[in-house]
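Okay, so here's the structure we're looking at.
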Amino acid sequence: MTGPLVVQTVADLDDALAPFDAARGPGVGADRPRRAVVMTMGALHEGHLTLVRRARELVGPAGQVVVTDFVNPLQFGPGEDFDRYPRDLDGDVRLLTPEGVDVVFAPHLEEMYPDGDALVRVSAGQLGTILEGAARPGHFDGMLTVVLKLLHLVRPDVALFGEKDAQQLLLVRRMVRDLDVRTEIVGVPIVREPDGLARSSRNAYLTADERPRALALSAALRASAAAADAGGTPSDVVAAAAGVLNDAEGVVVDYLALVDPTTVEDLTLAGSVEPGPALVLVAARVGTTRLIDNTTVRLA
């Protein structure tokens, strides 16, 4: 089975993309073959592969699917796990081989940041300073900077992101809209383990004792959904999740919030709340591993 073409420099990426661009011609149109990109930091798992499969569905057999594999230092803060973040390009390529990926762009750090750092960066604005942004200052600026760079380099028609990183997805969509980037952003639902744990590369950090404790996050989200289905207020929904987390051994909560899915407004502080969908977000540490998860609930 022929695997994807793996390139590690911008020049080689341009060479890899050029034949497809030449074959499909200029302009836009319903019949024009499309290119999709899935951006990853490697250490691939079923969640990433679900994004890749959805990318292939969207562009069809005539389209081109590109996966980027790069651990971006700009989105890691001091003391975070940049140095120990799992890296296994060969393993990633083996997983991608049966998925119909055309190109893997796996640049070295010096290729993406030849000056050692990015002097000019994208600002996530106020939305980048709350929730995950408050817990990880500067994280979203670094994320948006590399996403914009990769959008420029790959020039995709569509880019796919997992809904597990809900605030990230919202910010990418806002950046693309505000900066007139002509790429469609598609969110793909969370992929979970059979026991409910959201798939994450960081799950590999969990010890045998910590793994079952991590299930408190998904259990808390189920409790919040049940409270919403029962007609609970925003405070009731949050309290239901908090009760599960407070009873969980070895789980330290960074934040738990019920927010508007488009503005990230805290709905427990809103004067009035319209019936409809809302997003429950949670981040917590299990041992030394920081995990995030979310679910959509419907407020009555």
Between the side chain of [X] and the main-chain N/O of [Y], is any donor-acceptor distance below 3.5 Å?
{"X": "E111", "Y": "V10", "value": "yes"}
{"X": "D266", "Y": "T268", "value": "yes"}
{"X": "R285", "Y": "L291", "value": "no"}

Between T207 and D209, a side-chain donor and acceptor under 3.5 Å: no
Using only heavy-atom distances, determine whether the side chains of E132 and Y255 contain a donor-acceptor pair under 3.5 Å. yes
Any side-chain heavy-atom pair from [X] and [Y] closer than 4.5 angstrom?
{"X": "V264", "Y": "L127", "value": "yes"}
{"X": "V37", "Y": "L150", "value": "no"}
{"X": "L49", "Y": "L96", "value": "yes"}

Does CD belonging to E57 count more than 12 external heavy atoms closer than 6.0 Å? yes
Tell me whether the count of non-hydrogen atoms from other residues, nucleotides or ligands lying under 6.0 Å of CG in L269 goes above 12. yes
When you check the gap from the basic side-chain N to the acidic O, do R24 and D31 get nearer than 4.0 Å? no
Could you check whether the rings of F70 and Y113 sit parallel, tilted or perpendicular, using 30° and 60° as the cut-offs? tilted
